[in-house]
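Below, chain A is the first sequence line, B the second, and so on; all start at residue 1. Values reported hereafter were calculated over all heavy atoms of this structure, with side chains retained and with hydrogens, waters and symmetry mates removed.
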Number of protein chains: 2
Amino acid sequence: MTAGHRPGRSTESVDNYLKAILALSEPHGGRVMSKALAERLGVAPASVTNMLQKLAAAPAPLVEYERHRGVLLSPAGRRRALEIVRHHRLIETFLYEVLDYPLEELHEEAERLEHFISERFEARIAAKLGHPRTDPHGHSIPTLEGEMPHRSSLLLAEVTPPPAGSASCVYVVDSVSDRDATALRNLEANGITPGARLRLLPGERFLVSLAEPATGDASAQPISLTREDAQEIWIRPLSA
Amino acid sequence: MTAGHRPGRSTESVDNYLKAILALSEPHGGRVMSKALAERLGVAPASVTNMLQKLAAAPAPLVEYERHRGVLLSPAGRRRALEIVRHHRLIETFLYEVLDYPLEELHEEAERLEHFISERFEARIAAKLGHPRTDPHGHSIPTLEGEMPHRSSLLLAEVTPPPAGSASCVYVVDSVSDRDATALRNLEANGITPGARLRLLPGERFLVSLAEPATGDASAQPISLTREDAQEIWIRPLSA
DNA sequence: TCCCTGATTTAGGTATACCTAATATTTAGG
DNA sequence: CCTAAATATTAGGTATACCTAAATCAGGGA
């Protein structure tokens with residue numbers, strides 16, 4: 001082995017499996033199938049099976065796995081996955097706030113570093129940042145205790161716009177995805193960042209405009225989003 | 001492979017071999033033998049031979065290696081080694097200045113992270129720190145262009161103190177080693193950090209006292225160092 | 001119910017980077 | 001100059017994490 005004495009006990013690769021299982025099980029809360037994992041991790045399905053078998057056979061398994069029935073995080077596995085997500089999001093926040101990284105370059109750097117920082121590093125950047133609760137993309141940062149603060153939000157791509165002729169309605173941008181740098185740059189250029197007010201125009205899907213934070217008035221010309229863009233944006237009702 | 005798309009081209013392990021060859025060849029400037037490398041890297045001599053053969057056989061070799069005659073860095077290998085050393089020392093400086101790490105914990109964290117930061121990360125922390133020329137241990141930081149600024153200094157363990165009865169003489173602490181955290185904590189507790197004035201008392205080896213920066217006067221009771229401590233301290237004459 | 005298709009798993013193989021034990025080379029002492 | 005000790009190399013093996021190709025399994029439609 002070449003990555004021997006890492007602060008955490010697991011390898012970079014194992015960390016990535018755990019993170020992927022967490023992310024894919026989040027929507028439905030159930031078991032995750034190998035194919036989905038293989039796709040997300042960019043490896044062959046056979047590699048996934050192999051890894052899951054090894055993980056499940058370990059003395060203190062990080063996953064529960066049954067042949068042909070998919071995989072689930074064990075409590076320990078979930079704790080580790082959340083620790084890595086916490087690292088990732090704290091690092092992103094740090095790069096953004098302290099090192100002035102552009103929004104769309106946060107993910108790649110954090111994706112690498114999240115596996116290698118010590119507890120001390122984590123603690124120090126968290127303190128420096130004033131223990132932030134969300135990262136620059138609007139995602140919740142898991143707590144030190146391994147709790148993931150829940151946020152309820154809607155994927156813009158799945159929201160039906162108000163019927164033609166009726167009034168438009170205003171939402172708040174809850175978060176944007178960090179995984180596609182190009183889309184992210186595009187959204188940012190249009191002012192669509194976490195906290196922004198988004199007015200859904202009636203009738204047409206994915207036709208929106210920015211709204212003034214205070215008044216809710218439209219402040220710019222309509223923005224026509226692609227379906228792909230809408231897949232990257234989570235919104236919540238203004239009131240909540 | 002598990003550490004795929006790293007900013008640099010080489011692996012963590014290869015980086016460490018290059019750094020070790022650089023460090024061990026620095027004193028005499030000549031070839032480095034497998035045994036010395038094996039000791040420094042904490043691997044078996046056979047593993048070193050293996051790695052050197054592979055490195056030397058690569059299309060654009062990072063080392064020049066001849067069986068039984070030791071190894072030398074190629075220009076490309078030296079460039080890469082200096083890049084990693086630059087990373088290491090910039091990270092140490094950053095951890096110390098920005099994240100308030102204690103001196104003796106810099107090395108371990110930097111040793112891990114040096115392999116994984118991007119060019120952008122390097123550039124940003126260098127800018128944030130005002131492009132420092134030395135790290136908190138007093139070591140020169142290689143330039144972006146791959147030059148290692150030379151500093152001439154003497155290992156305290158090898159300096160003969162002034163003869164008994166004659167005057168003591170004053171040196172400046174040029175640098176302290178970063179590899180032994182315990183020794184480092186001890187030195188720091190005694191005020192022996194880069195830039196401190198050190199008065200060598202006559203006769204006894206390793207018997208020193210701190211001196212006032214301005215006057216050169218002794219400002220404290222004598223400090224009795226062990227031979228091991230003296231192996232960790234580099235000094236230069238006051239004038240230089 | 002049966003079978004077909006897609007998903008999953010098994011089998012067998014690659015590359016990296018390490019190990020130990022056995023062998024070979026160099027060098028320094030007599 | 002020749003041998004013994006120190007050093008280096010070869011040979012063969014382990015573990016991780018990936019791959020492809022060849023079985024095998026599970027669930028839905030005829």
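Here Ser34(B) lies in heavy-atom contact (under 4.0 Å) with sugar-phosphate atoms only.
The list of side-chain hydrogen bond (donor to acceptor under 3.5 Å, both in side chains) pairs with a residue in residues 45-64 of chain A, not counting sequence neighbours, is empty. Each salt bridge (charged side-chain N to carboxylate O under 4.0 Å, His left out) pair with one or both residues in residues 25-39 of chain B, not counting sequence neighbours, appears once here: Arg31(B)-Glu66(B), Lys35(B)-Glu39(B). A salt bridge (charged side-chain N to carboxylate O under 4.0 Å, His left out) check over residues 143-156 of chain A, counting only residues at least two apart or in different chains, returns the pairs Arg151(A)-Asp174(A).
Residues meeting the salt bridge (charged side-chain N to carboxylate O under 4.0 Å, His left out) test with Arg67(B), sequence neighbours left out: none. Shown here are the side chain to side chain contact (heavy atoms under 4.5 Å, CB included) partners of Ala76(A), two or more places apart in sequence or in another chain: Leu62(A), Ser74(A), Arg79(A). Legend: residues meeting side chain to side chain donor-acceptor pair (under 3.5 Å) with Thr226(B), ordered by chain and number and at least two apart, are Asp229(B). Take Arg86(B) and apply the salt bridge (charged side-chain N to carboxylate O under 4.0 Å, His left out) test, not counting sequence neighbours, and it matches Glu122(B). Applying the salt bridge (charged side-chain N to carboxylate O under 4.0 Å, His left out) test to Glu114(B) and every residue at least two apart in sequence or in another chain returns Lys19(B). Annotation: ring-ring contact (aromatic ring centres under 6.0 Å, His included) contacts of His88(B) (sequence neighbours excluded): His107(B).
Closest to the side chain of Gln53(B), from the set dT10(C), dA8(D), dT9(D), is dT9(D). Closest approach to the Lys35(A) side chain among dC18(C), dT10(D), dA7(C) is made by dA7(C) (side chain taken as heavy atoms from C-beta onward).
Heavy-atom distances under 4.0 Å link DNA chain D to Arg67(A), His68(A) of residues 58-73 of chain A, given in residue order. Remark: Gly42(A), Val43(A), Ala44(A), Ala46(A), Ser47(A) in residues 39-47 of chain A come within less than 4.0 Å of DNA chain D through at least one heavy atom.
Atom CG of Asn16(B) is separated from atom P of dT16(C) by 17 Å (rounded to the nearest Å).
Over its full length, the helix from dT1(C)-dA30(D) to dG30(C)-dC1(D) turns its helical axis through 20°, comparing axes from the five pairs at each end and rounding to 10°.
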